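Inspection log for the structure reproduced underneath, given as structure tokens.
Everything numeric in this text was worked out from a predicted model, so none of it was measured. Each ligand, and each atom within it, is numbered from 1 in the order the structure gives. As a basis for the values below, the full set of heavy atoms in this structure was taken, side chains included, without hydrogen atoms, waters or symmetry mates.
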Amino acid sequence: MSAEPQLHHEFATALPELCVGWLPVSAPAPELRLLNHGVAAGLDIDPEALRSDEWVRVLAGGAAPEGAQPVSQAYAGHQFGGYSPRLGDGRAVLLGEIAGGDGRLVDLHLKGSGRTVFSRGGDGKASLGPMLREYVVSEAMAALRIPTTRALAVTETGEDVWRDGPERGAVLARVAASHIRVGTFQFAAATGDVALLARLIEFAIRRHFPHLSGRPDAALELLGAVVHSQAELVASWMHVGFVHGVMNTDNVAISGETIDYGPCAFMDRHDAATVFSSIDHQGRYAYGNQPSVMQWNLARFAETLLAAIDDDRERAIAAATDTLHGYAPAYRSAWLRGARAKLGIGGGDDEADHRLVDDLLELMTVARADHTLTFRDLARWLRGDRDPLTARLASGPGLAEWLVRWTGRVGAAPRDAVADAMDAVNPIYIPRNAVVEDALAAAVEERDLGEVERLVAVLADPFTERSVGERYALASPPDYDGAYTTFCGT
Ligand code: AMP
Ligand code: MG
């Protein structure tokens, strides 16, 4: 294990037009509050090395590591459908890349590290609550086996940031397969520099889809690979009831990882119209809209690649459109695969199984049933413990008929084994909104991170029911979701 992170600067070297050198601002009294030992170990970093005064200053955005060339990355983006040509890291910096255990490079990135050339009117900073929130929710996603950026550390800067009032300033250090976004491609394409676009394509392929290196139709193949990985990603969000909340094109990572944990939250009661974000008045990014929004975002991505796909624009559009048409079937197939696992059934008639799942979701919607716990109750039902399910789904002819169809599909397989397999993919513990807020309040108001740490430990094994305290597995109180509001960029 190497003691300290060894930084590379491949992005800054290969794509200088897409980033700007950044100088750290001061963090007057940095204090490390959370350190992710698992993530550090996965990167061959000794966690103790990150506790040194020098590294705590780095993690708080107060100093650059020895010899490093930190940069802020440029990107554009469609925000709620409107195009902004120049967004970029307004409060973030890429310290460099680190070789992971498998030799692949990952980004080491700070969020909340001070103003940059991309800050516009913002202060470039972040407050403790939202950075801890990203830590908790992204760790939960990782444990749910959903591709995601990971939190490495949360460090307080010792300086207040001003929001509605003074709040404790903090910096999140995170690692990601990369921070190349659809918005990065939008920015590069808008320069009109075809050679720059080609370099970005090559970089993204080498980093994320190395099997496509050297292919003659690299740009089109990249589009196809991103279409596929985003279809898989959104399907996995839908299965756990995750609402990203701000699926702007600058918040879609080419790697296929979930990125930008701003106003995201998990829904309790199953309802396709669920929205948590304070600014999403139209419900553009509602739970049920996520698959089609991603398709829209991928169309914006495809547009950026046209010049690299074919010199003839008509031919480029035809090829890109054809590849984009792969999204709907890829999503449908990823979703159905996941849904079958959730219901403990194997392959069968796609149309019939699709209806089977849709009909269950409809029963859940009508009964205002908790998305997460309904699937655990189904497994209990198979084991012979039937009351929890019938209580949750308002027993009636609809449920009885559905159970007949479902058990017909489960067939003769031993029911306990099927129930165990279901529990292995249906979490019992997710970041419940009320529990997360309580943990953050204790951390921020009482400087007590004990509850955040306990919550992270519970969420680290979301599938195994154990005596961790009942509240971790409880739906929020009725009507909590309706009133629960989350915020961007806080
Ligand atoms: P987000 O909604 O968090 O994806 O951010 C959208 C854009 O706003 C990005 O360009 C961010 O860098 C920028 N931004 C968010 N918060 C701040 C802040 N406090 N200071 C400067 N820029 C910010
Ligand atoms: Mg963002």
What are the atoms of ligand 1, with element, lying closer than 4.0 Å to any heavy atom of [X]?
| X | value |
| --- | --- |
| Lys125 | 19 (N) |
| Asp250 | 4 (O) |
| Gly122 | 20 (N), 21 (C) |
| Asn251 | 4 (O) |
| Gly124 | 18 (C), 19 (N), 20 (N), 21 (C) |

Please report whether ligand 1 has a polar contact with [X], defined as an N or O pair separated by less than 3.5 Å (distance criterion only).
| X | result |
| --- | --- |
| Asp260 | yes |
| Leu87 | no |
| Asp89 | no |
| Phe118 | no |
| Gly88 | yes |

Using the ring-ring contact (aromatic ring centres under 6.0 Å, His included) definition, which of the options Tyr484, Tyr287, Phe266, Tyr285 pairs with Phe276? Tyr484
Ligand 1 versus Tyr75: contacting region, heavy-atom distance under 4.0 Å: side chain
Heavy atom under 4.0 Å from ligand 1: found in Val246's side chain, backbone, both, or neither? neither
Answer yes or no as to whether an N/O/S atom of Asp250 is found below 2.8 Å from the Mg ion (ligand 2). no
Short check: any N/O/S atom of Asn251 below 2.8 Å from the Mg ion (ligand 2)? yes
So, Thr191 and Glu17: side-chain donor and acceptor under 3.5 Å apart, yes or no? no
Any side-chain donor-acceptor pair under 3.5 Å between Glu257 and Thr149? no
Checking the side chain of Gln230 only, and the main-chain atoms of Ala253 only, is there a donor and an acceptor separated by less than 3.5 Å? yes
When the ring planes of Trp335 and His239 are compared, do they come out parallel, tilted or perpendicular, using 30° and 60° as the limits? parallel
Parallel, tilted or perpendicular: which one describes the rings of Phe242 and His244, with boundaries at 30° and 60°? perpendicular
Looking at Arg207 and Asp107, is any side-chain nitrogen of the basic one under 4.0 Å from a carboxylate oxygen of the acidic one? yes
